[in-house]
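Just so you know, ligand 1 is whichever comes first in the structure, and atom 1 is the first atom listed for that ligand.
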Amino acid sequence: MHQYLNFINGEFVATGKTFENHAPVDNRVLGLVHEAGEREVDAAVGAARAALKGDWGRMSVVKRVELLYAVADEINRRFDDFLQAEVADTGKPLSLASHIDIPRGAANFKVFADIVKNVPTESFEMATPDGGTALSYALRSPLGVVAVVCPWNLPLLLMTWKVGPALACGNTVIVKPSEETPATATLLGEVMNAVGVPKGVYNVVHGFGPGSAGEFLTRHPGVNGITFTGETRTGEAIMAAAAKGVRPVSFELGGKNAGIVFADADFDKAVAGITRSAFENCGQVCLGTERVYVQRPIFDRFVQALKEKAQALKVGPSEEPGVGLGPLISAEHKAKVLGYYEKAKAEGATVVTGGGVPDMPGALAQGHWVQPTIWTGLPESSPIVREEIFGPCCHIAPFDTVDEAIALANATNYGLATTVWTQNLATAHRMAREIEVGLCWINSWFLRDLRTAFGGAKASGIGREGGVHSLEFYTELRNVMVKL
Ligand code: NAD
């Protein structure tokens, strides 16, 4: 049986304690994950600290950048290994993982290598009271040992989105992948060794959150900063752990994102866009749209069109051609999503389509499948409209005015993303200005330029990563003032 080992100081490390990793498509056991205890986490932190003082800490930026390019090239050379590992762990369609997860996983190393190589630091000349001058300039040094705590929905992509800039800035990292998706982080250990990244620079510890590797890592005093993607309430626990020693955090958290469609939108593009934002990755995307607001003149037509798109989505296993919807990640998550499906019915929602479990043949019947689901008719106070479900579902409500659309979009504690569909430039810019989010897409969704800031407002996060913004978290800026 396959064994998922920890990766500490360049070695794959077994522990006496294992748990099973299951495939979401049919619940078969994929292998055994070796859970890291306090001893292994301590060893990983020790290795990461030592690496900061070793070859890695002394390496020139040029050499570091070359190594990160080699990491990206090696991921691409082993593209199929990463692809198979990712789809086995997540059950997502092969077409999705091969176009987004793996290529972006590799690109994250090159993009941040380029940024670190090219970005200047500031410098100011100033007149001094004695008639002379002084020159200030800034130096960047690495933050140190960075803990990277990851979710399961886009495992390689979201992990490298943090490991790429952290390493580019000269830090060392300890990754705690989600217990649901241990494979690609482990595989990346092989890549690091193959291209000659020094021992201790990249480490992986497996396990759960509380009472396990996640907690041991985030409370470890040898960790200088924590970057985390996951649920808002997990963020609260990690922030409490980080308070000891006042260590900085960078948080990308949950959302309950609004999609707003105006009557003047390009109808077909808006329907296609909301189909993606509601159902891609089986709705397990933090940026996804679970609240859709459609201007009244096109409301009925839009609901009908989205229903047709949802019903046309082919549900099935990753490798089957034409599949648009995979399973949810786990039995536990399926129970959570189906709980919301039941609650919607109990609250009197109109179930436009879905609301249950599709019939799957043979072994697939053991998988974590749910139907893509659309509701209308619920009040804004309903938990279906307020809480993050993280499944392939959305509630659609009508609106009349721009003011109303802004108020509806903002009536949430979250503030991650929004997608707005209109052909009126003034409306688009007003929405962008007034909706309280970190990311606003106009006539698009999940279109990313990695040089731009990424993150959430309100309960959806702390800080921004992406482009030079990542440097804000992964480096310490030192000002040097020289009296001339
Ligand atoms: P999660 O919070 O349950 O788990 C994320 C990671 O945190 C896992 O590795 C888990 O083991 C670890 N963890 C859990 N409790 C911990 C603790 N007390 N201390 C330390 N580590 C702990 O999230 P998930 O279910 O894996 O992912 C889904 C969530 O992630 C959704 O809420 C989604 O919106 C969010 N998400 C946000 C973004 C973003 O960019 N804002 C991106 C993807 C996912």
Side-chain angles (χ1 to χ4, degrees), residues 19 21 24 33 35-36 38 41 89-90 100-101 104 147-162 174-182 184-185 204-220 223 226-244 247 249-257 277 280-290 328-330 332-334 336-337 387-391 412-418 437-439 446 448 453-466 469-470:
F19 59 92
N21 181 29
V33 188
E35 184 179 354
E38 283 188 270
V41 170
D89 264 2
T90 59
I100 295 187
D101 298 67
R104 262 289 304 279
V148 184
V149 183
C150 307
W152 44 259
N153 59 334
L154 299 148
L156 182 71
L157 186 156
L158 290 174
M159 185 257 290
T160 54
W161 169 244
K162 289 167 177 299
I174 301 148
V175 173
K176 212 299 278 170
S178 167
E179 52 274 32
E180 307 285 357
T181 51
T184 45
V204 180
V205 291
H206 289 298
F208 306 88
S212 184
E215 183 190 325
F216 302 150
L217 178 63
T218 50
R219 72 166 193 223
H220 199 293
V223 167
I226 303 164
T227 180
F228 166 71
T229 305
E231 284 188 28
T232 297
R233 67 167 185 273
T234 310
E236 289 172 350
I238 292 179
M239 204 166 172
K244 182 91 180 148
R247 290 155 317 142
V249 295
S250 175
F251 282 174
E252 291 168 4
L253 307 176
K256 187 71 181 178
N257 311 303
S277 69
E280 192 158 277
N281 208 35
C282 202
Q284 303 166 118
V285 181
C286 53
L287 311 162
T289 305
E290 291 187 355
L328 293 172
I329 190 70
S330 64
E332 189 190 358
H333 191 49
K334 180 182 177 182
K336 175 184 158 183
V337 172
E387 296 168 13
E388 182 184 52
I389 301 172
F390 224 53
T412 169
N413 291 335
Y414 290 114
L416 186 54
T418 192
V437 285
L439 300 151
F446 209 164
R448 294 277 297 123
F454 182 93
K458 294 152 81 176
S460 290
I462 295 180
R464 295 290 182 274
E465 296 195 33
H469 309 283
S470 292

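- For F251, the ring-ring contact (aromatic ring centres under 6.0 Å, His included) partners are F228, not counting sequence neighbours.
- Y414 is not listed as a side-chain neighbour of N257, based on a closest heavy-atom distance of 4.5 Å or more.
- You'll find the side chain of E35 reaches within 4.5 Å of the side chain of S212, heavy atoms only.
- Legend: residues meeting side chain to side chain donor-acceptor pair (under 3.5 Å) with D89, ordered by chain and number and at least two apart, are N21.
- For ligand 1, residues of the protein lying within 4.0 angstrom by heavy-atom distance are V149, C150, P151, W152, N153, L158, K176, P177, S178, E179, F208, G209, P210, G214, E215, T218, F228, T229, G230, E231, T234, A237, I238, E252, L253, G254, C286, E388, F390, L416, F454.
- Between the side chains of Q284 and T90, not a single donor N or O lies within less than 3.5 Å of an accepting N or O.
- When the side chain to side chain donor-acceptor pair (under 3.5 Å) test is applied to E388, no partner is found at least two apart in sequence or on another chain.
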